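Encoded as C-alpha coordinates, the structure appears first; notes follow it.
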Amino acid sequence: MTPTSRQYATRRRVLVTGGAGFIGSHLCERLLGEGCDVLCVDNFFTGTKDNIAHLVANPRFELQRHDVTFPLYVEVDEIYNLACPAAPIHYQFDPVQTTKTSVHGAINMLGLAKRVKARILQASTSEVYGDPEVHPQVEGYWGHVNPIGLRSCYDEGKRCAETLFFDYHRQHGLAIKVPRIFNTYGPRMHPNDGRVVSNFIVQALAGEPITLYGDGSQTRSFCYVDDLVEGLVRLMATGDAVTGPVNLGNPREFTILRLAELVIELTGSKSKLERRPLPSDDPKQRQPDIALARKTLGGWEPSTPLEEGLRRTIAYFRDGGARP
Ligand SMILES: NC(=O)c1ccc[n+]([C@@H]2O[C@H](COP(=O)([O-])OP(=O)(O)OC[C@H]3O[C@@H](n4cnc5c(N)ncnc54)[C@H](O)[C@@H]3O)[C@@H](O)[C@H]2O)c1
(Lines give C-alpha, C1' and ligand atoms only; values in the text may rest on other atoms or scores of the structure.)
Protein backbone atom coordinates (compact mmCIF):
# COMPACT_ATOMS: atom_id res chain seq x y z
CA MET A 1 0.00 0.00 0.00
CA THR A 2 1.30 3.46 -0.87
CA PRO A 3 1.65 5.56 2.26
CA THR A 4 -0.38 8.79 2.26
CA SER A 5 1.36 12.13 2.78
CA ARG A 6 -0.26 12.11 6.22
CA GLN A 7 1.84 9.07 7.17
CA TYR A 8 5.02 10.84 6.01
CA ALA A 9 4.24 14.01 7.95
CA THR A 10 5.91 14.29 11.32
CA ARG A 11 3.77 17.12 12.68
CA ARG A 12 0.05 17.76 12.45
CA ARG A 13 -0.55 20.04 9.48
CA VAL A 14 -3.41 22.37 10.25
CA LEU A 15 -5.22 24.78 7.95
CA VAL A 16 -6.95 27.73 9.62
CA THR A 17 -9.17 29.72 7.26
CA GLY A 18 -9.84 33.22 8.54
CA GLY A 19 -6.60 32.78 10.49
CA ALA A 20 -5.74 36.49 10.36
CA GLY A 21 -8.99 37.40 12.10
CA PHE A 22 -9.71 37.86 15.77
CA ILE A 23 -10.40 34.25 16.84
CA GLY A 24 -8.30 32.75 14.03
CA SER A 25 -5.11 34.54 15.09
CA HIS A 26 -5.45 33.22 18.66
CA LEU A 27 -6.11 29.74 17.31
CA CYS A 28 -3.00 29.87 15.05
CA GLU A 29 -0.95 30.92 18.06
CA ARG A 30 -2.33 28.09 20.18
CA LEU A 31 -1.74 25.45 17.46
CA LEU A 32 1.85 26.60 16.91
CA GLY A 33 2.31 26.32 20.67
CA GLU A 34 1.23 22.68 20.38
CA GLY A 35 3.91 22.06 17.76
CA CYS A 36 1.64 21.96 14.69
CA ASP A 37 2.48 23.18 11.20
CA VAL A 38 -0.03 25.96 10.66
CA LEU A 39 -1.24 27.27 7.31
CA CYS A 40 -3.19 30.47 7.79
CA VAL A 41 -5.45 31.35 4.84
CA ASP A 42 -7.19 34.70 4.71
CA ASN A 43 -8.39 37.27 2.18
CA PHE A 44 -7.89 40.07 4.75
CA PHE A 45 -11.46 41.34 4.40
CA THR A 46 -11.81 41.90 8.13
CA GLY A 47 -8.61 40.28 9.34
CA THR A 48 -5.20 41.89 9.20
CA LYS A 49 -1.56 40.89 8.94
CA ASP A 50 -0.99 42.81 12.18
CA ASN A 51 -2.93 40.09 14.02
CA ILE A 52 -0.42 37.45 12.97
CA ALA A 53 2.72 39.57 12.52
CA HIS A 54 4.23 38.00 15.65
CA LEU A 55 3.83 34.51 14.12
CA VAL A 56 5.35 35.13 10.69
CA ALA A 57 8.95 34.48 11.80
CA ASN A 58 7.99 31.02 13.08
CA PRO A 59 9.19 28.44 10.49
CA ARG A 60 6.12 26.29 11.20
CA PHE A 61 3.77 29.14 10.26
CA GLU A 62 2.72 29.84 6.68
CA LEU A 63 0.44 32.58 5.41
CA GLN A 64 -1.56 32.46 2.18
CA ARG A 65 -3.80 35.18 0.78
CA HIS A 66 -6.81 33.36 -0.58
CA ASP A 67 -10.58 33.75 -0.78
CA VAL A 68 -12.35 30.57 0.38
CA THR A 69 -15.10 31.05 -2.17
CA PHE A 70 -12.50 29.66 -4.61
CA PRO A 71 -11.15 26.11 -4.37
CA LEU A 72 -7.90 25.44 -2.53
CA TYR A 73 -5.66 22.38 -2.80
CA VAL A 74 -3.23 21.81 0.05
CA GLU A 75 -2.13 18.74 2.00
CA VAL A 76 -3.35 19.06 5.57
CA ASP A 77 -4.59 16.81 8.38
CA GLU A 78 -7.05 19.20 10.01
CA ILE A 79 -9.07 22.18 8.81
CA TYR A 80 -10.56 24.87 11.03
CA ASN A 81 -12.95 26.80 8.77
CA LEU A 82 -13.31 30.21 10.40
CA ALA A 83 -13.34 32.44 7.31
CA CYS A 84 -16.40 34.68 7.43
CA PRO A 85 -16.99 38.25 8.54
CA ALA A 86 -18.64 38.02 11.96
CA ALA A 87 -19.87 41.52 12.77
CA PRO A 88 -23.11 42.92 11.28
CA ILE A 89 -21.49 45.99 9.70
CA HIS A 90 -18.98 43.73 7.96
CA TYR A 91 -21.29 40.94 6.86
CA GLN A 92 -23.95 43.40 5.71
CA PHE A 93 -21.42 45.37 3.63
CA ASP A 94 -21.65 42.78 0.82
CA PRO A 95 -24.38 40.33 1.86
CA VAL A 96 -24.10 38.22 -1.28
CA GLN A 97 -20.39 37.71 -0.67
CA THR A 98 -21.18 36.82 2.97
CA THR A 99 -23.52 34.01 1.94
CA LYS A 100 -20.98 32.89 -0.68
CA THR A 101 -18.23 32.82 1.95
CA SER A 102 -20.30 30.58 4.21
CA VAL A 103 -21.79 28.35 1.51
CA HIS A 104 -19.15 28.20 -1.26
CA GLY A 105 -16.45 28.39 1.42
CA ALA A 106 -17.95 25.36 3.17
CA ILE A 107 -18.26 23.42 -0.10
CA ASN A 108 -14.64 24.19 -1.03
CA MET A 109 -13.25 23.29 2.37
CA LEU A 110 -15.38 20.14 2.63
CA GLY A 111 -14.21 19.14 -0.84
CA LEU A 112 -10.63 19.62 0.29
CA ALA A 113 -11.22 17.63 3.50
CA LYS A 114 -12.73 14.80 1.46
CA ARG A 115 -9.82 14.79 -0.99
CA VAL A 116 -7.03 14.77 1.63
CA LYS A 117 -8.99 12.87 4.32
CA ALA A 118 -8.68 15.70 6.83
CA ARG A 119 -10.98 16.23 9.75
CA ILE A 120 -12.78 19.53 9.48
CA LEU A 121 -14.32 21.99 11.93
CA GLN A 122 -16.85 24.65 10.95
CA ALA A 123 -17.09 27.81 13.06
CA SER A 124 -20.86 27.99 13.37
CA THR A 125 -22.64 30.49 15.52
CA SER A 126 -25.35 31.10 18.08
CA GLU A 127 -26.99 33.14 15.29
CA VAL A 128 -28.34 29.86 13.88
CA TYR A 129 -30.84 30.08 16.76
CA GLY A 130 -31.98 33.52 15.51
CA ASP A 131 -34.18 35.34 18.01
CA PRO A 132 -34.67 32.27 20.21
CA GLU A 133 -37.95 31.24 21.80
CA VAL A 134 -36.10 28.70 23.95
CA HIS A 135 -33.89 29.86 26.75
CA PRO A 136 -31.10 28.94 27.34
CA GLN A 137 -30.44 27.54 23.88
CA VAL A 138 -29.82 23.81 23.61
CA GLU A 139 -28.35 22.20 20.50
CA GLY A 140 -31.64 20.40 19.77
CA TYR A 141 -33.46 23.73 19.32
CA TRP A 142 -33.94 24.46 15.59
CA GLY A 143 -34.02 28.21 15.92
CA HIS A 144 -36.22 31.16 15.04
CA VAL A 145 -34.57 32.84 12.09
CA ASN A 146 -35.85 35.42 9.64
CA PRO A 147 -34.84 34.14 6.18
CA ILE A 148 -35.19 37.52 4.43
CA GLY A 149 -33.89 40.09 6.91
CA LEU A 150 -30.69 42.10 6.99
CA ARG A 151 -28.95 39.51 9.16
CA SER A 152 -30.09 36.56 7.06
CA CYS A 153 -27.00 36.51 4.83
CA TYR A 154 -25.00 35.57 7.92
CA ASP A 155 -27.55 33.48 9.85
CA GLU A 156 -28.84 31.48 6.89
CA GLY A 157 -25.37 31.19 5.35
CA LYS A 158 -24.13 29.60 8.57
CA ARG A 159 -27.20 27.36 8.78
CA CYS A 160 -26.62 26.18 5.22
CA ALA A 161 -22.95 25.55 6.02
CA GLU A 162 -24.06 23.30 8.90
CA THR A 163 -26.37 21.45 6.50
CA LEU A 164 -23.47 20.90 4.09
CA PHE A 165 -21.23 19.64 6.88
CA PHE A 166 -23.78 17.07 8.02
CA ASP A 167 -24.53 15.97 4.44
CA TYR A 168 -20.82 15.47 3.72
CA HIS A 169 -20.62 13.52 6.95
CA ARG A 170 -23.58 11.28 6.09
CA GLN A 171 -22.84 10.98 2.36
CA HIS A 172 -19.05 10.80 2.36
CA GLY A 173 -18.18 9.77 5.91
CA LEU A 174 -16.22 12.95 6.64
CA ALA A 175 -15.05 13.54 10.22
CA ILE A 176 -16.81 16.83 11.01
CA LYS A 177 -16.92 19.07 14.08
CA VAL A 178 -19.50 21.83 14.39
CA PRO A 179 -19.16 24.23 17.33
CA ARG A 180 -21.85 26.90 17.68
CA ILE A 181 -19.88 29.84 18.98
CA PHE A 182 -21.53 32.43 21.22
CA ASN A 183 -20.29 36.01 21.76
CA THR A 184 -16.53 35.92 22.13
CA TYR A 185 -14.31 38.83 23.04
CA GLY A 186 -10.67 39.63 23.70
CA PRO A 187 -7.57 41.32 22.30
CA ARG A 188 -7.49 41.73 18.47
CA MET A 189 -11.20 42.28 18.13
CA HIS A 190 -11.80 44.81 15.41
CA PRO A 191 -12.04 48.25 17.05
CA ASN A 192 -14.78 49.65 14.79
CA ASP A 193 -17.02 46.73 13.97
CA GLY A 194 -19.93 47.78 16.15
CA ARG A 195 -19.67 44.65 18.32
CA VAL A 196 -20.74 45.50 21.80
CA VAL A 197 -17.58 44.78 23.82
CA SER A 198 -15.12 46.54 21.48
CA ASN A 199 -17.61 49.37 20.93
CA PHE A 200 -18.00 50.07 24.63
CA ILE A 201 -14.25 49.85 25.32
CA VAL A 202 -13.27 52.12 22.42
CA GLN A 203 -15.94 54.67 23.36
CA ALA A 204 -14.99 54.57 27.05
CA LEU A 205 -11.28 55.00 26.34
CA ALA A 206 -12.03 57.95 24.05
CA GLY A 207 -14.33 59.48 26.70
CA GLU A 208 -17.18 59.43 24.16
CA PRO A 209 -20.81 58.60 25.02
CA ILE A 210 -21.47 54.86 25.24
CA THR A 211 -24.22 53.88 22.83
CA LEU A 212 -26.78 51.61 24.39
CA TYR A 213 -29.34 50.09 22.03
CA GLY A 214 -32.80 49.72 23.57
CA ASP A 215 -33.00 49.92 27.35
CA GLY A 216 -29.93 47.72 27.89
CA SER A 217 -31.98 44.93 29.44
CA GLN A 218 -31.20 42.54 26.55
CA THR A 219 -28.72 39.94 27.75
CA ARG A 220 -25.61 38.39 26.21
CA SER A 221 -23.05 35.90 27.40
CA PHE A 222 -19.42 36.81 26.79
CA CYS A 223 -16.71 34.19 26.42
CA TYR A 224 -13.04 35.14 26.60
CA VAL A 225 -11.17 34.13 23.45
CA ASP A 226 -8.65 31.80 25.17
CA ASP A 227 -11.51 29.79 26.65
CA LEU A 228 -13.20 29.54 23.27
CA VAL A 229 -9.98 28.43 21.55
CA GLU A 230 -9.54 25.76 24.23
CA GLY A 231 -13.03 24.49 23.37
CA LEU A 232 -12.28 24.44 19.63
CA VAL A 233 -9.04 22.51 20.10
CA ARG A 234 -10.69 20.00 22.45
CA LEU A 235 -13.55 19.50 19.99
CA MET A 236 -11.15 18.84 17.11
CA ALA A 237 -9.40 16.22 19.27
CA THR A 238 -12.58 14.21 19.94
CA GLY A 239 -13.21 10.86 18.27
CA ASP A 240 -14.97 10.63 14.90
CA ALA A 241 -18.31 9.85 16.57
CA VAL A 242 -18.43 13.38 18.01
CA THR A 243 -19.73 15.76 15.37
CA GLY A 244 -21.64 18.39 17.31
CA PRO A 245 -23.34 20.71 16.90
CA VAL A 246 -22.06 21.75 20.27
CA ASN A 247 -22.52 25.12 21.96
CA LEU A 248 -19.33 26.92 23.01
CA GLY A 249 -19.84 30.03 25.04
CA ASN A 250 -20.24 31.39 28.49
CA PRO A 251 -23.51 30.42 30.18
CA ARG A 252 -23.15 33.33 32.58
CA GLU A 253 -25.49 36.02 31.37
CA PHE A 254 -25.03 39.77 31.65
CA THR A 255 -27.29 42.59 30.61
CA ILE A 256 -25.80 44.98 28.11
CA LEU A 257 -26.34 47.73 30.68
CA ARG A 258 -24.19 45.84 33.24
CA LEU A 259 -21.45 45.39 30.62
CA ALA A 260 -21.48 49.13 29.90
CA GLU A 261 -21.19 49.92 33.62
CA LEU A 262 -18.33 47.45 34.05
CA VAL A 263 -16.40 48.89 31.11
CA ILE A 264 -16.81 52.42 32.49
CA GLU A 265 -15.59 51.21 35.88
CA LEU A 266 -12.55 49.30 34.56
CA THR A 267 -11.43 52.03 32.17
CA GLY A 268 -12.05 54.77 34.75
CA SER A 269 -13.88 56.64 32.00
CA LYS A 270 -16.17 59.65 32.42
CA SER A 271 -18.34 58.50 29.48
CA LYS A 272 -22.12 58.75 29.81
CA LEU A 273 -24.68 56.32 28.37
CA GLU A 274 -26.52 57.37 25.18
CA ARG A 275 -29.67 55.39 24.35
CA ARG A 276 -30.62 54.47 20.74
CA PRO A 277 -33.43 52.31 19.25
CA LEU A 278 -32.81 48.56 18.91
CA PRO A 279 -31.74 47.51 15.38
CA SER A 280 -34.02 45.13 13.44
CA ASP A 281 -33.83 41.40 14.24
CA ASP A 282 -31.62 42.03 17.27
CA PRO A 283 -32.07 39.05 19.58
CA LYS A 284 -33.32 40.03 23.06
CA GLN A 285 -31.71 37.17 24.92
CA ARG A 286 -28.85 34.79 24.18
CA GLN A 287 -27.41 32.24 26.55
CA PRO A 288 -25.81 28.89 25.74
CA ASP A 289 -26.63 25.66 27.45
CA ILE A 290 -23.15 24.10 27.58
CA ALA A 291 -24.04 20.77 29.19
CA LEU A 292 -23.08 18.91 25.99
CA ALA A 293 -19.71 20.68 25.76
CA ARG A 294 -18.99 19.90 29.41
CA LYS A 295 -19.82 16.24 28.82
CA THR A 296 -18.02 15.67 25.51
CA LEU A 297 -15.05 18.03 25.95
CA GLY A 298 -13.69 16.78 29.26
CA GLY A 299 -15.49 19.22 31.52
CA TRP A 300 -14.71 22.23 29.31
CA GLU A 301 -16.19 25.53 30.44
CA PRO A 302 -15.06 29.14 30.31
CA SER A 303 -12.80 29.95 33.23
CA THR A 304 -11.83 33.58 32.63
CA PRO A 305 -14.00 35.96 34.69
CA LEU A 306 -15.55 38.81 32.67
CA GLU A 307 -13.66 41.42 34.70
CA GLU A 308 -10.32 39.73 33.93
CA GLY A 309 -11.07 39.27 30.24
CA LEU A 310 -12.21 42.87 29.99
CA ARG A 311 -9.03 44.06 31.70
CA ARG A 312 -6.87 42.25 29.11
CA THR A 313 -9.00 43.53 26.24
CA ILE A 314 -8.95 47.09 27.58
CA ALA A 315 -5.13 46.88 27.90
CA TYR A 316 -4.95 45.84 24.22
CA PHE A 317 -7.09 48.75 23.05
CA ARG A 318 -5.36 51.19 25.38
CA ASP A 319 -2.02 50.29 23.76
CA GLY A 320 -3.55 51.09 20.38
CA GLY A 321 -3.76 47.37 19.58
CA ALA A 322 -1.91 46.03 16.61
CA ARG A 323 -4.02 48.17 14.32
CA PRO A 324 -3.49 51.78 13.28
N1 LIG B 1 -16.44 36.54 17.47
C2 LIG B 1 -17.58 35.97 17.81
O3 LIG B 1 -18.17 36.32 18.82
C4 LIG B 1 -18.13 34.85 16.96
C5 LIG B 1 -19.36 34.29 17.36
C6 LIG B 1 -19.91 33.27 16.60
C7 LIG B 1 -19.24 32.79 15.50
N8 LIG B 1 -18.05 33.34 15.14
C9 LIG B 1 -17.40 32.81 13.92
O10 LIG B 1 -16.02 32.63 14.14
C11 LIG B 1 -15.30 32.93 12.95
C12 LIG B 1 -14.23 33.97 13.25
O13 LIG B 1 -14.85 35.15 13.73
P14 LIG B 1 -14.03 36.43 14.23
O15 LIG B 1 -14.79 37.04 15.32
O16 LIG B 1 -12.62 36.06 14.43
O17 LIG B 1 -14.20 37.39 12.97
P18 LIG B 1 -13.11 38.15 12.09
O19 LIG B 1 -13.86 38.99 11.13
O20 LIG B 1 -12.10 38.79 12.95
O21 LIG B 1 -12.41 36.94 11.34
C22 LIG B 1 -12.89 36.40 10.12
C23 LIG B 1 -11.70 36.22 9.21
O24 LIG B 1 -12.15 35.63 7.98
C25 LIG B 1 -11.55 36.33 6.90
N26 LIG B 1 -12.42 36.17 5.74
C27 LIG B 1 -13.65 36.69 5.53
N28 LIG B 1 -14.12 36.28 4.35
C29 LIG B 1 -13.17 35.49 3.79
C30 LIG B 1 -13.07 34.79 2.57
N31 LIG B 1 -14.07 34.81 1.67
N32 LIG B 1 -11.94 34.08 2.31
C33 LIG B 1 -10.91 34.06 3.22
N34 LIG B 1 -10.96 34.71 4.40
C35 LIG B 1 -12.08 35.42 4.67
C36 LIG B 1 -11.44 37.76 7.38
O37 LIG B 1 -10.50 38.51 6.66
C38 LIG B 1 -11.03 37.55 8.84
O39 LIG B 1 -9.65 37.44 8.99
C40 LIG B 1 -16.32 33.40 11.93
O41 LIG B 1 -16.66 32.33 11.08
C42 LIG B 1 -17.50 33.80 12.76
O43 LIG B 1 -18.71 33.65 12.06
C44 LIG B 1 -17.50 34.37 15.83
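Here the structure is a predicted model, which means the values were calculated and not measured. Ligands are counted one by one from 1 in listed order, and the atoms in each one are counted from 1 as well.
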Using 30° and 60° as the class boundaries, would you call the ring planes of F222 and Y185 parallel, tilted or perpendicular?
perpendicular

For H90 and F45, take the angle between the two ring planes, folded into 0 to 90°, and tell me which bin it lands in: parallel under 30, tilted 30 to 60, perpendicular over 60.
perpendicular

To the nearest 0.5 Å, how far apart are CD1 in I176 and CZ in R170?
8.0 Å

Please work out which of V68, T98, D42 has its closest non-hydrogen atom nearest to atom 25 (C) of ligand 1.
D42

Just jot down the ligand 1 atoms closer than 4.0 angstrom to any heavy atom of G47, in number order.
36 (C), 37 (O), 38 (C), 39 (O)

Which value, rounded to the nearest 0.5 Å, describes the distance between D94 atom CG and K100 atom NZ?
8.0 Å

Report yes or no: does a heavy atom of A20 sit under 4.0 Å from some atom of ligand 1?
yes

What atoms in ligand 1 come closer than 4.0 Å to a heavy atom of R195?
1 (N), 2 (C), 3 (O), 15 (O), 17 (O)

Where does the angle between the aromatic ring planes of Y168 and H172 fall among parallel (under 30°), tilted (30 to 60°) and perpendicular (over 60°)?
tilted

Considering S126, A86, S124, which one's heavy-atom position lies nearest to atom 7 (C) of ligand 1?
S124

Can you find a non-hydrogen atom of L82 under 4.0 Å from ligand 1?
yes

Give the atoms of ligand 1, by number and element, whose distance to some non-hydrogen atom of Y154 is under 4.0 Å.
7 (C), 8 (N), 42 (C), 43 (O)

Atoms in ligand 1 flagged as close to A83, the criterion being non-hydrogen separation under 4.0 Å
24 (O), 33 (C), 34 (N), 35 (C)

Output yes when the distance from some N or O of ligand 1 to some N or O of F45 is under 3.5 Å, and no in every other case.
yes

Okay, side chain of N108, backbone of H104: is any donor-acceptor separation there less than 3.5 Å?
yes

Tell me which one of R180, E162, K177, K158 satisfies side chain to side chain donor-acceptor pair (under 3.5 Å) with S124.
E162

List every atom of ligand 1 that sits less than 4.0 Å from any heavy atom of N183, numbering the atoms from 1 in the order shown and giving each element.
3 (O)

Using a strict cut-off of 4.0 Å, indicate which atoms of ligand 1 neighbour a heavy atom of Q97.
31 (N)

